Number of protein chains: 2
Amino acid sequence: MTKATAGEPPPEDPRKNQRAEPRPGTAAWWLARESEPARQRRRRSLTLDAVLDAAMTLLDTRGAAALTMRNIADALGCTQASLYRHVRNREELVTLLIDRAIAVASAVPPDGADWAEKAAWSARLFREHLLRHPGVASLLRGTERLGPNSLAGMQYSLDLFIGAGLNPRLASAAASSLATFVLGSVHLNLGLDMSDPEESRHRRLLFRSRDAAAFPLLVQHADTLAEVSSDDEFEVGLNALLTGFRALIQNSDITRD
Amino acid sequence: MTKATAGEPPPEDPRKNQRAEPRPGTAAWWLARESEPARQRRRRSLTLDAVLDAAMTLLDTRGAAALTMRNIADALGCTQASLYRHVRNREELVTLLIDRAIAVASAVPPDGADWAEKAAWSARLFREHLLRHPGVASLLRGTERLGPNSLAGMQYSLDLFIGAGLNPRLASAAASSLATFVLGSVHLNLGLDMSDPEESRHRRLLFRSRDAAAFPLLVQHADTLAEVSSDDEFEVGLNALLTGFRALIQNSDITRD
DNA sequence: ACCTGAACACCGTTCAAGT
DNA sequence: ACCTGAACACCGTTCAAGT
């Protein structure tokens, strides 16, 4: 009864994963899924797509906490047990769901922009998509990095950064860094309500009331700090990253082998 | 029975949060906690610290999925109900726990380094701390950004970036961006086992077997891509960010008001 | 071959009752 | 004033039994 969850040290089987079912999200798992033709061959009343569709609307309308097997089954008018015919776990369901929910990353930026403008455009689009679907953001764990939609995004950004002058290794790292930053930005603001005007006021109060000896800068700049929004943070970080990539490209121009 | 979770659209009370208890992690909540002297005054057999200690060792040894009220109570030799005397929710417990688990951020980098080296040192330290405590990483949600330990980190990095020449607003955004990037980097690799040598092999197989028409770069550079590690990604992104901050500092030198 | 009903071992949270 | 026992309404997952 191992409930494997991200962040959990694996139960450490005595014999190291000797032919154990691969965990959802690993390369082995994504590979194994493709060579399972039997699963989808038969015509059936309930399909995996229908399950994922129901899960997606549930996630969007009622949030991550409402994404239960029972609720999904209810939405589909079947029993919970039926779901396990299309999915081995809840974890597997979430992995498939999130890969699918990430599809927006394949949207193509306006033509005529240079690589940096395109990268910024895509990063902003991805962020806005996640902000509109906070349930999706809260479930992102990296397990979807090898899913078809993520791979499409990777192909796109590799093209972008290699075209800009980076070698494949650096292009891959740059693309991942950008995605990492977008996800971190959304994730670090999930529990907060900066949209709530009260939050900004309370934040100011909090900074102001700190011990001035221990937190001089927080006290001194309380008003300014309370007003720095998640959008501000994102734009500053995004520009810094792209500036850094630009420098990296110029460097590898010089040290080109 | 609202189970408010990050990523969940708030249940939308008809009257907008009219004197409702603030959600854990909001500025109002952190503020309210301080002006609650009665809670900790009395000598009691079970203290909040003891609860959080037990929760922490549970999280580290058995992972996030094992962090249940029952298990915490068992570890302390009390009943679950007793825990609710020190904590209103599981959510509140997690918020307090994560703030405390983040204390490493207050470690001070070696003297004599310039601001960029110090920032890099702290970022790496924070990342390594999170990698050693994946359970903590998986629970980070931004609700701890206003906790005492995060504020200490903020005071420190504000000092660093203001000292380097940024105004308070930009310094705050830069500091947050860096933290965002570290967290995103750890979080996006939570579900994966890059330590597993098999994973790299499977990843190569996965890239190689893509449709060459749709994913030409993935197929072409499969071997290289399969070997880019999370460490590589992190270092590339970290350097890019710091390079970007350096440029930002030079710019604000010029346009100083 | 597919789906169901009913159960199992868990959750977080509450509250009257004990001391 | 503090803690407990026992319950409540939920979870994910399994499996014999139905069709």
Side-chain angles (χ1 to χ4, degrees), chain A residues 1-6 8 11 21 23-24 36-52 54-55 58-59 62-97 135 139, chain B residues 1-6 8 11 21 23-24 36-52 54-55 58-59 62-97 135 139:
Chain A
M1 193 141 311
T2 50
K3 269 201 223 163
T5 290
E8 184 168 11
E21 311 263 322
R23 280 194 31 211
E36 252 186 84
R39 270 234 231 194
Q40 291 305 328
R41 274 293 154 68
R42 308 221 153 274
R43 177 109 19 103
R44 18 165 51 112
S45 41
L46 187 61
T47 67
L48 176 60
D49 271 333
V51 171
L52 294 180
L58 203 51
L59 182 61
R62 297 178 47 200
L67 189 68
T68 70
M69 302 305 265
R70 272 165 176 82
N71 286 344
I72 298 171
D74 283 354
L76 290 165
C78 69
T79 66
Q80 317 166 47
S82 304
L83 300 178
Y84 289 86
R85 200 152 283 281
H86 302 88
V87 127
R88 210 176 53 206
N89 277 342
R90 185 173 179 276
E91 191 186 356
E92 194 174 279
L93 187 150
V94 168
T95 301
L96 293 171
L97 177 63
L139 293 174
Chain B
M1 192 140 315
T2 49
K3 268 202 228 164
T5 289
E8 183 167 13
E21 311 264 322
R23 279 194 32 212
E36 252 186 82
R39 271 234 229 193
Q40 290 306 329
R41 275 293 154 70
R42 305 222 156 274
R43 179 106 22 98
R44 18 168 48 114
S45 41
L46 187 62
T47 67
L48 177 60
D49 271 333
V51 172
L52 294 180
L58 204 51
L59 182 60
R62 298 178 46 200
L67 189 68
T68 70
M69 302 305 264
R70 271 166 176 81
N71 286 344
I72 297 171
D74 282 354
L76 290 165
C78 68
T79 66
Q80 316 165 48
S82 305
L83 301 177
Y84 288 87
R85 200 152 285 281
H86 303 87
V87 126
R88 211 173 55 206
N89 277 343
R90 184 174 179 276
E91 191 186 357
E92 194 175 279
L93 188 151
V94 169
T95 301
L96 293 172
L97 178 63
L139 292 174

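What you see is a predicted model; the values in this text were computed from it and never measured. Lettering follows sequence order; numbering is per chain, from 1.
- Contact between A:Arg88 and A:Pro24 at its shortest, heavy atoms only, is NH2-CD, 4.2 Å.
- Counting to the nearest Å, the C1' atom of D:dT13 and the CD atom of A:Glu21 are 15 Å from each other.
- Rounding to the nearest 0.5 Å places NE2 of A:His86 at 12.5 Å from CG of A:Leu96.
- In this structure, A:Ser82 reaches the bases: a heavy-atom distance under 4.0 Å links it to at least one base atom across the strands shown.
- Taking atom CD of B:Gln80 as the reference point, atom P of D:dA9 lies 17 Å away to the nearest angstrom.
- Here the C1' atom of nucleotide C:dC10 and the CZ atom of B:Arg62 are 13 Å apart, to the nearest Å.
- With D:dA7, D:dG12, C:dT4 as the choices, the nucleotide that has an atom nearest any side-chain atom of B:Arg70 turns out to be D:dA7.
- Atom CG in A:Leu76 sits roughly 13 Å away from atom C1' in C:dC3 (whole-Å rounding).
- Here the P atom of nucleotide C:dC2 and the CG atom of A:Leu46 are 12 Å apart, to the nearest Å.
- For C:dG12, neither phosphate oxygen OP1 nor OP2 lies less than 4.0 angstrom from any side-chain nitrogen or oxygen of B:Asn89.
- Taking atom NE2 of A:His86 as the reference point, atom C1' of C:dC3 lies 10 Å away to the nearest angstrom.
- Residues B:Leu59 and B:Ala64 share a closest heavy-atom pair of CD1-CA, 3.6 Å.
- Taking each heavy atom of B:Ala50 and B:Leu76 in turn, the nearest pair found is O-CD2, 3.7 Å.
- Partners of B:Asp49 under the side chain to side chain donor-acceptor pair (under 3.5 Å) rule, at least two apart in sequence or in another chain, are B:Arg100.
- Computed from coordinates, the B:Arg90 CZ to C:dG12 P distance equals 6 Å when rounded to whole Å.
- A pairwise comparison of heavy atoms in B:Val87 and B:Asn89 identifies CG1-O, 2.8 Å as the closest pair.
- Taking atom CG of B:Leu83 as the reference point, atom C1' of C:dC15 lies 16 Å away to the nearest angstrom.
- The CG atom of B:Asp74 sits 10.0 Å away from the OG1 atom of B:Thr79 when rounded to the nearest 0.5 Å.
- Close to D:dG5, at under 4.0 Å from its OP1 or OP2, lies no side-chain N or O of B:Thr79.
- To the nearest 0.5 angstrom, A:Arg85 atom CZ is 11.5 Å from A:Cys78 atom SG.
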- Test side-chain contact (heavy atoms from CB on, under 4.5 Å) applied to A:Leu52 and A:Leu48, step by step: CA-CA 6 Å; A:Leu52 294 180; A:Leu48 176 60; 4.2 Å; yes
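- Comparing C:dC3, D:dC15, C:dG12 by their closest approach to the side chain of A:Arg85 singles out C:dC3.
- Distance from the side chain of A:Ala81 is smallest for D:dT14 among the nucleotides C:dT14, D:dT14, D:dG12.
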List the atom pairs, donor and acceptor, that lie under 3.5 Å between side-chain atoms in residues 66-73 of chain A and the rest of the protein, sequence neighbours left out.
from	atom 1	to	atom 2	distance (Å)
A:Thr68	OG1	A:Asn71	N	3.0
A:Thr68	OG1	A:Asn71	ND2	3.4
A:Arg70	NH1	A:Gln80	OE1	3.1
A:Asn71	ND2	A:Ala66	O	2.9

Using atom names, set out every protein N or O paired with an N or O of nucleotides 16-19 of chain C below 3.5 Å, distance rounded to 0.1 Å.
none

- Task: Would you sketch DNA chain D in dot-bracket for me? Only Watson-Crick or G-U wobble pairs with both distances under 3.5 Å count, crossing pairs as [ ], other-strand pairs as |, the rest as dots.
- Result: ||.|||||...|||||.||
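- Candidate nucleotides D:dT4, C:dT14, D:dT13 were compared by shortest atom distance to the side chain of B:Cys78, and D:dT4 ranks first.
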